[in-house]
2 protein chains.
Amino acid sequence: MAKTPQHGAASTTRRDAQGTRLRLLDAASGLFAERGYERATVRDIADRAGVNQALLFRYFGSKKALFGEVMARGGHEQLRTTPAERLFEVALRGMLAGGREGADRSLEVCLRSIGGSDEIAGALRGLGEEYAAVLATLSESDTGTLRGDLALSWLLGIGLMRVVVGKEPLVSADPDTVCRLVVGALGGLLEGLPQAGEAGDGGGADGRDGPARG
Amino acid sequence: MAKTPQHGAASTTRRDAQGTRLRLLDAASGLFAERGYERATVRDIADRAGVNQALLFRYFGSKKALFGEVMARGGHEQLRTTPAERLFEVALRGMLAGGREGADRSLEVCLRSIGGSDEIAGALRGLGEEYAAVLATLSESDTGTLRGDLALSWLLGIGLMRVVVGKEPLVSADPDTVCRLVVGALGGLLEGLPQAGEAGDGGGADGRDGPARG
DNA sequence: CCCTTGTGTAAGCACCTGCTTACAAAAGGT
DNA sequence: ACCTTTTGTAAGCAGGTGCTTACACAAGGG
């Protein structure tokens, strides 16, 4: 079924170029998240997509451009759909959930790609700007942007230790516990940040993983 | 001067092999800190040391072994000479100082080398274990080790944003301000952490120093 | 039918990587 | 002098990288 072109939608594709493009995009997204930019080779990406690597260059031009499309694709949904005061916890929980399905792996991709090249650092800076800008709105201090940067730093640092370094006991720690500790400590930095579990959660032995979606 | 062997100390070296070894070690330390493990090639390291790359392999065996010696050389001085309750601030200030002379760049090297290989992540994990273990002694909670991990995560995250990503305004921010904000917020996590500027700095110009304590 | 256009593939290129080998030159002992 | 050991170098190897080129199918139009 993956090979049969579905001309039901449009007859513009004769052998489903759009589908191949999408498969390449998906394969790249996964491999970038698993290995980072440098260690994910174009051959591996094409292999996972089940096509020849030459198609990758025909459709995207270069590996870097493919990386750009991957980052741009599902990257900012979380940023747009999450209210500011929930953003930190949602992003943190997304990071703690690891490679779960449907989660936004942009931050994970960035973390694993850091050493790759200066352009990758630039991409991370771009994404960071947006996150930090939103987080900065949670403080009315004149050092608000700096506080936003520091909050984002913690978010990335935790992801770093969990996803890349694999430090115990952080990796196996209960996401709720981590959230409570971090958000609690951040309350001193960002006054607009609602304390974790403040709303309806008793704060004791909590096992639920459903973050309140604003 | 660099070429004249100094046989004053010991006549075991005829053309100053020890000196060359040291120059290689210095060059590697600098390049690893600037570019990370992967992007610092053995040719660049040998070039900066002013010798042929073959000597690198004669003296160290492999690039990875050289990396190990670099990490082991000045890596743990800070860890041994700094009391636990001062470690976080000292490490943070070292990170904020950037590539200043004499500073311990081990964490910086780790940050820039993350994506490189699994062994590098292992090295970072090893160094992290030591830092986190010390930081964990600052909390008497049963989640002490987790809190140590979280503190270290923040430290690395800030380094990440400053050194690798180059996020503004964090890069240009006053180290004292950053220290006060971070250490202040961490007070809720690690009870044994002395608040920054408590002794002589009459802060409080921009923000409350007393965060909500757990 | 041929011919054009879009989709896919195999093979190769130029370059870079860590690492090795063969060889030259300095010191020192005898 | 001669020879050995140590220190240094130039050239090369095997493997991997991003990327390109030349070519094989599948459609549709004339």
Side-chain angles (χ1 to χ4, degrees), chain A residues 2-24 27-28 31-32 35-70 113 115-117 119-120, chain B residues 2-25 27-28 31-32 35-70 113 115-120:
Chain A
K3 285 195 167 181
T4 59
Q6 35 224 43
H7 57 293
S11 67
T12 63
T13 65
R14 306 221 270 224
R15 248 172 340 173
D16 202 19
Q18 208 62 21
T20 317
R21 231 190 96 101
L22 252 177
R23 279 214 307 273
L24 275 169
L31 274 170
F32 282 148
R35 306 186 199 171
Y37 177 79
E38 287 275 313
R39 306 227 293 162
T41 71
V42 292
R43 283 172 176 85
D44 289 338
I45 295 172
D47 272 8
R48 177 172 295 194
V51 300
N52 190 279
Q53 56 162 340
L55 287 187
L56 189 152
F57 292 98
R58 171 133 72 209
Y59 288 144
F60 300 96
S62 73
K63 186 187 182 186
K64 230 168 277 194
L66 170 61
F67 181 80
E69 286 220 28
V70 167
S113 308
S117 88
E119 278 117 345
I120 308 303
Chain B
K3 285 195 165 182
T4 60
Q6 34 220 45
H7 58 290
S11 66
T12 63
T13 65
R14 307 218 269 227
R15 240 155 33 181
D16 201 19
Q18 208 62 23
T20 318
R21 231 189 98 100
L22 253 178
R23 278 212 308 270
L24 275 169
L25 225 37
L31 274 170
F32 282 148
R35 307 186 198 169
Y37 177 79
E38 287 274 313
R39 303 227 293 162
T41 71
V42 292
R43 284 172 174 83
D44 287 339
I45 295 172
D47 271 8
R48 177 173 293 195
V51 301
N52 190 282
Q53 55 162 339
L55 287 186
L56 189 152
F57 293 98
R58 180 176 299 170
Y59 289 144
F60 300 97
S62 73
K63 187 189 181 185
K64 234 169 272 195
L66 169 62
F67 181 79
E69 285 220 27
V70 166
S113 308
S117 90
D118 297 340
E119 278 120 343
I120 307 302

request  = Taking only Lys NZ, Arg NE, NH1 and NH2, and the carboxylate oxygens of Asp or Glu, determine whether Asp16(A) and Arg23(A) approach each other closer than 4.0 Å.
outcome  = no
query = What nucleotide, of dT17(D), dC19(D), dG8(D), holds the atom closest to the side chain of Gln53(A)?
reply = dC19(D)
request  = Can you tell me the distance, in whole Å, between the CG atom of Asn52(A) and the P atom of dG18(D)?
outcome  = 14 Å
ask   = Which nucleotide sits closest to the side chain of Arg58(A): dG18(D), dG8(C), dT7(D)?
value = dG8(C)
message = Tell me the interatomic distance from Leu55(A), atom CG, to dT20(D), atom P, rounded to whole angstroms.
response = 14 Å
remark   = Taken to the nearest whole Å, CD/Gln18(A) to C1'/dG8(C) is 16 Å
query = Quick one: Asp16(A) CG to dG8(C) C1', roughly how many Å, whole number?
reply = 13 Å
query = Minimum heavy-atom separation for Ser62(A) to Ala65(A), with atom names?
reply = OG-N, 3.1 Å
ask   = How long is the line joining CG of Asp47(B) and P of dG18(C), in whole Å?
value = 12 Å
inquiry  = Tell me whether the NZ or CZ atom of Lys63(B) lies within the 45° cone about the ring axis of Tyr37(B) and under 6.0 Å from its centre.
reply    = yes
query = Of the nucleotides dC19(C), dT9(D), dC19(D), which one has an atom closest to the side chain of Lys63(B)?
reply = dC19(C)
task = Report yes if the side chains of Arg21(B) and Leu24(B) come closer than 4.5 Å at any heavy-atom pair, otherwise no.
result = no
Length of the line joining Leu24(A):CG and dG18(D):P, which is rounded to integer Å = 14 Å
ask   = So, is Thr20(B) near the phosphate of dG8(D), with a side-chain N or O under 4.0 Å from OP1 or OP2?
value = yes
inquiry  = Of the options dT9(D), dC19(C), dA10(C), whose atoms approach the side-chain atoms of Ala54(A) most closely?
reply    = dA10(C)
note = Per nearest nucleotide of DNA chain C, the residue lying toward the 5' end, Val51(A) or Val42(B), is Val51(A)
request  = Describe the nucleic acid contact of Tyr59(A) in one word from base, sugar-phosphate, nothing, applying a heavy-atom distance below 4.0 Å.
outcome  = sugar-phosphate
ask   = How many Å lie between CZ on Phe57(A) and C1' on dG8(C), as a whole number?
value = 15 Å
key: Donor/acceptor link under 3.5 angstrom from Arg43(A) side chain onto base of dG16(D)   = no
request  = Using whole Å, report how far OH of Tyr37(A) lies from P of dG18(D).
outcome  = 8 Å
message = Could you report the tightest heavy-atom contact between Ala46(B) and Asn52(B), atom names first, then the distance?
response = CB-C, 3.9 Å
